[in-house]
Amino acid sequence: MAKASWSDVEALTKPIFDSGYTPDRNELMDLAYSKDANDDVIDAIDTLGGRPVASLEQLKELLTTNGVLV
């Protein structure tokens, strides 16, 4: 599996976290599809569990732990 660039993930998700929202995996997947994100970003987000993600920092930590970031 190819790995996603953190800058691509951040560009997609930063606005939602900046607004104070804590999205879960499904909401992030919906966002990725609605913004026509590249397949690597979609695949990376797909590795998340079902719990809400509290912050952009936590998202990066989760994706790094899952081994899906470049």
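Numbering starts at 1 and runs along the sequence shown.
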Next item on the list: Is it possible for you to say whether Tyr33 and Leu59 belong to one hydrophobic cluster, with membership spreading through side-chain heavy-atom contacts below 4.5 Å?
Entry: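 As far as the 4.5 Å side-chain criterion goes, Leu59 and Tyr33 are connected within one cluster.
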Check: If you group Ile, Leu, Val, Met, Phe, Trp and Tyr by side-chain heavy-atom gaps below 4.5 Å, do Val68 and Val70 land in one group?
Finding: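 Different hydrophobic clusters.
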Notebook entry, point to check: Is the number of heavy atoms from other residues, nucleotides or ligands under 6.0 Å of Asp36 CG greater than 12?
Noted result: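 Not more than 12 within 6.0 Å, no.
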Checklist line | Within-4.5 Å side-chain heavy-atom neighbours: Asp24 and Glu27 | finding: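 Of all side-chain heavy-atom pairs linking Glu27 with Asp24, at least one is under 4.5 Å.
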Next item on the list: Report the C-alpha separation of Lys3 and Asp40 in whole Å, then their side-chain angles, then the decisive distance to 0.1 Å, and conclude whether the side chain to side chain contact (heavy atoms under 4.5 Å, CB included) test is met.
Entry: CA-CA 6 Å; Lys3 295 184 177 188; Asp40 294 338; over 6 Å; no
Please list, one pair per line, the donor and acceptor atoms closer than 3.5 Å that link side chains of residues 6-13 to other protein atoms, with sequence neighbours excluded.
residue: Ser7; atom: OG; partner: Ser5; partner atom: OG; Å: 2.8
residue: Asp8; atom: OD2; partner: Asn38; partner atom: ND2; Å: 3.4
residue: Thr13; atom: OG1; partner: Val9; partner atom: O; Å: 2.9

Notebook entry, point to check: Run the salt bridge (Lys or Arg N to Asp or Glu O under 4.0 Å) check on Arg25 and Asp46 step by step: do they pass?
Noted result: CA-CA 7 Å; Arg25 178 205 161 274; Asp46 195 29; 2.3 Å; yes
How long is the straight-line distance from [atom2] of [Y] back to [atom1] of [X], given to the nearest 0.5 Å?
X     : Y     : atom1 : atom2 : value
Leu48 : Leu63 : CG    : CG    : 5.0 Å
Met29 : Ser34 : CE    : OG    : 11.5 Å
Leu62 : Gln58 : CG    : CD    : 5.0 Å
Ile45 : Asn26 : CD1   : CG    : 11.5 Å

Margin query: If you compare all heavy atoms of Phe17 against all heavy atoms of Pro23, which two are closest, and at what distance to 0.1 Å?
Written below: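 The answer is CE2-CD, 3.6 Å.
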